[in-house]
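To keep things clear, I will list the structure first and then write my remarks on it.
Sequence lines set the chain letters: A, B, ... in the order given, protein chains first and strands last, and positions in each chain run from 1.
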Number of protein chains: 2
Amino acid sequence: MVNLNIQIAIDSKFYSKNPESSDLGRRIVKHGIELIHQIGYDAFTFKKLGAIIQSNESSIYRYFESKHSFLIYLVNWYWSWVEYKLVFAISNISSQEEKLEIAVRLLTEKVKEDNAISFINEALLHQIIISESSKAYLTKEVDRENEKGFYTCYKRVVQRVSDLILELKPDYKYPHMLVSTIIEGAHHQAYFSDHLPDLTDISKEKNTIVVFYIELIKSVL
Amino acid sequence: MVNLNIQIAIDSKFYSKNPESSDLGRRIVKHGIELIHQIGYDAFTFKKLGAIIQSNESSIYRYFESKHSFLIYLVNWYWSWVEYKLVFAISNISSQEEKLEIAVRLLTEKVKEDNAISFINEALLHQIIISESSKAYLTKEVDRENEKGFYTCYKRVVQRVSDLILELKPDYKYPHMLVSTIIEGAHHQAYFSDHLPDLTDISKEKNTIVVFYIELIKSVL
DNA sequence: GCAAAAATGATAGTAATACTATTATATTTG
DNA sequence: CAAATATAATAGTATTACTATCATTTTTGC
């Protein structure tokens, strides 16, 4: 993928103060990602992050009103980035089949570190999405947060790929279920292959997850 | 399903003192399920549970060494129960196709309360599995806990259904991935239909999730 | 170059959590 | 009925996820 170094625009509802607007903000996000990746979301605290970036807990709270909203920010950044990559990747493709295959590949393949310029390490962020993102919506506050638009970026990606399916098969009844099954499935399989391999059939060499889900969507449609 | 009221045998590594062995133990599990269902795993504490069952936090700790291990207990109880239902449901079926379809139905359909005698409300437990069970393995301790056999019951169910797939299609390469994709997918779709309906295509009337995943597995195989 | 404004840092405090430890009181059982 | 066992009560701990306040540094607009 070509590195265009495009800025991902994040809605202001996902932060108190825009972390992209200052050096401290960018350090919070950069090292926040690294720390969550390292110790996990559950053990992650703003205090620990403050110590690492030589700043203060209270300063971090000026950017994000809670640990939870920091996760929400990261998740939305990720899906905005995926949406951008998706739109770009299929823009010049004429075949609908090919568009869909590209989309599924993009949603299921491992993210390799590509963008050293950005303060966000997309490969690490992808790992976080795999193992932590469900904690963003598996809460008792889902409905309230959904109303506030906390999950729109994810939903928009699902919608776009569903539209690709419908262009190929206008009468298909379950495009959203198929897409969200593939996305969540790919995350699970990536996690399982690292930690619970009995739940997968991953062979080291090939890109099994991508192959599996492309085969799956082709069979279903 | 016929109510045989069979006891589900739970391995002793999942508790400090067997909760089935005393009235207090059974109350802990029964009201623990209700409380987690009500307020969610994150807000759930042994102190709150103690208040409800008119017992003490410290007494609950004698049965389960932590809140986390209580979840692990419930998850394993659930998968042992599913395994039992599965074995029973396919035991007298001769057709391999039918066996597999029964299995997928069992894994994807909503659990209706059927067993008023037991101290475990399976319908509530199923809801908990849908919204909380991933928190059992999405931790930094997965590998250690996997070694201790904390996820064996789940893995056994996946293995059994994978075996059904292989009997039907001995050269199929991804039986475990297909099964775990269906199981986790069905959980997600159930959760999404309640909270994030844009990620599904659920229509109120029919059992859309079951239909979708049976269609899916038939297409793939 | 300087005052005002804005950003950041330091410190303290809070209620709750997820426990552990100890002691007291019931309850069971041999 | 005494001893053993189970349960309850109480207290205590380090940590968490914050909030509030005030001090200090940095930026900015003239």
Identify whether any heavy atom of [X] sits under 4.0 Å from a base atom; if not, whether one sits that close to sugar-phosphate; answer base, sugar-phosphate or nothing.
X      : value
F70(B) : nothing
F64(B) : nothing
S59(A) : base
F44(B) : sugar-phosphate

**Study point:** Residues forming a side-chain contact (heavy atoms from CB on, under 4.5 Å) with T181(A), sequence neighbours excluded
**Key:**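 By the side-chain contact (heavy atoms from CB on, under 4.5 Å) rule, T181(A) matches T181(B), Q189(B), F212(B), Y213(B).
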Nearest 0.5 angstrom please: [X] [atom1] to [Y] [atom2], how far?
X       : Y       : atom1 : atom2 : result
H176(A) : S162(A) : NE2   : OG    : 4.0 Å
R105(A) : L100(A) : CZ    : CG    : 11.5 Å
I102(B) : K85(B)  : CD1   : NZ    : 13.0 Å

Listing, residues 44-52 of chain A side-chain donor-acceptor contacts under 3.5 Å, not counting sequence neighbours, or none:
{"residue": "T45(A)", "atom": "OG1", "partner": "K47(A)", "partner atom": "N", "Å": "3.4"}
{"residue": "T45(A)", "atom": "OG1", "partner": "K48(A)", "partner atom": "N", "Å": "3.0"}
{"residue": "K48(A)", "atom": "NZ", "partner": "A43(A)", "partner atom": "O", "Å": "2.6"}

Point to revise | Carboxylate-amine/guanidinium proximity below 4.0 Å for R26(A) and E20(A) | key: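 Salt bridge between R26(A) and E20(A), a charged N being under 4.0 Å from a carboxylate O: no.
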Among all residues two or more places apart in sequence or in another chain, which pass the salt bridge (Lys or Arg N to Asp or Glu O under 4.0 Å) test with [X]?
X       : answer
E132(A) : K135(A)
K30(A)  : E34(A)
E184(A) : none
D11(B)  : K13(B)

Review point. What are the residues of residues 133-151 of chain B, sorted by number, that bring a heavy atom to within less than 4.0 Å of DNA chain D?
Key: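 Heavy-atom contacts with DNA chain D come from no residue of residues 133-151 of chain B; none.
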Exercise for review: Please list residues of residues 16-34 of chain A whose heavy atoms come under 4.0 Å from any atom in DNA chain D, ordered by number; otherwise none.
Suggested key: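 Result for residues 16-34 of chain A: none.
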Identify each donor-acceptor pair in which a side-chain atom of residues 192-199 of chain B lies under 3.5 Å from a protein atom, sequence neighbours left out, and give them as a table.
{"residue": "S193(B)", "atom": "OG", "partner": "A190(B)", "partner atom": "O", "Å": "3.0"}
{"residue": "H195(B)", "atom": "ND1", "partner": "D143(A)", "partner atom": "OD1", "Å": "2.7"}
{"residue": "H195(B)", "atom": "ND1", "partner": "D143(A)", "partner atom": "OD2", "Å": "3.3"}

Check your understanding: Using a cut-off of 4.0 Å between protein heavy atoms and nucleotide atoms, how would you tag nucleotides 19-30 of chain C 5' to 3' with B, S and -?
Key -> BBB---------
Review point. Side chains of E145(B) and H68(B): is there a donor and an acceptor less than 3.5 Å apart?
Key: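 Their side chains do contain a donor-acceptor pair, which is all the 3.5 Å distance test asks for.
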In whole angstrom, what separates [X]'s [atom1] from [N]'s [atom2]?
X      : N       : atom1 : atom2 : result
L49(A) : dG9(C)  : CG    : C1'   : 15 Å
Y15(A) : dA7(C)  : OH    : C1'   : 17 Å
K48(B) : dA16(C) : NZ    : C1'   : 9 Å

Check your understanding: Is S91(A) reaching over with its side chain to a backbone N or O of F88(A), donor-acceptor style, under 3.5 angstrom?
Key ->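 Yes; judged by distance alone, with no hydrogens or angles, the pair exists.
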Check your understanding: At what angle, to 10 degrees, do the two end axes of the helix from dG1(C)-dC30(D) to dG30(C)-dC1(D) meet, given five pairs define each axis?
Key ->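 Between the first-five-pair axis and the last-five-pair axis there is 20°.
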Exercise for review: Check each of Y15(B), Y73(B), F14(B) against F64(B) using the ring pair (Phe, Tyr, Trp, His ring centres under 6.0 Å) test, and report the only one that passes.
Suggested key: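 Exactly one option meets the ring pair (Phe, Tyr, Trp, His ring centres under 6.0 Å) with F64(B), and it is Y73(B).
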Practice item. May I ask you to test the L24(B)-I60(B) pair for a side-chain heavy-atom distance under 4.5 Å? Key: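 Not touching, per the 4.5 Å side-chain cut-off.
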Check your understanding: Earliest and latest nucleotide of DNA chain D, 5' to 3', sitting under 4.0 Å from a non-hydrogen atom of chain B?
Key ->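 It runs dA6(D) to dT10(D).
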Point to revise | Exceeds 12 heavy-atom contacts within 6.0 angstrom, atom NZ of K110(B) | key: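 At most 12 heavy atoms, drawn from other residues, nucleotides or ligands, come within 6.0 Å of this atom.
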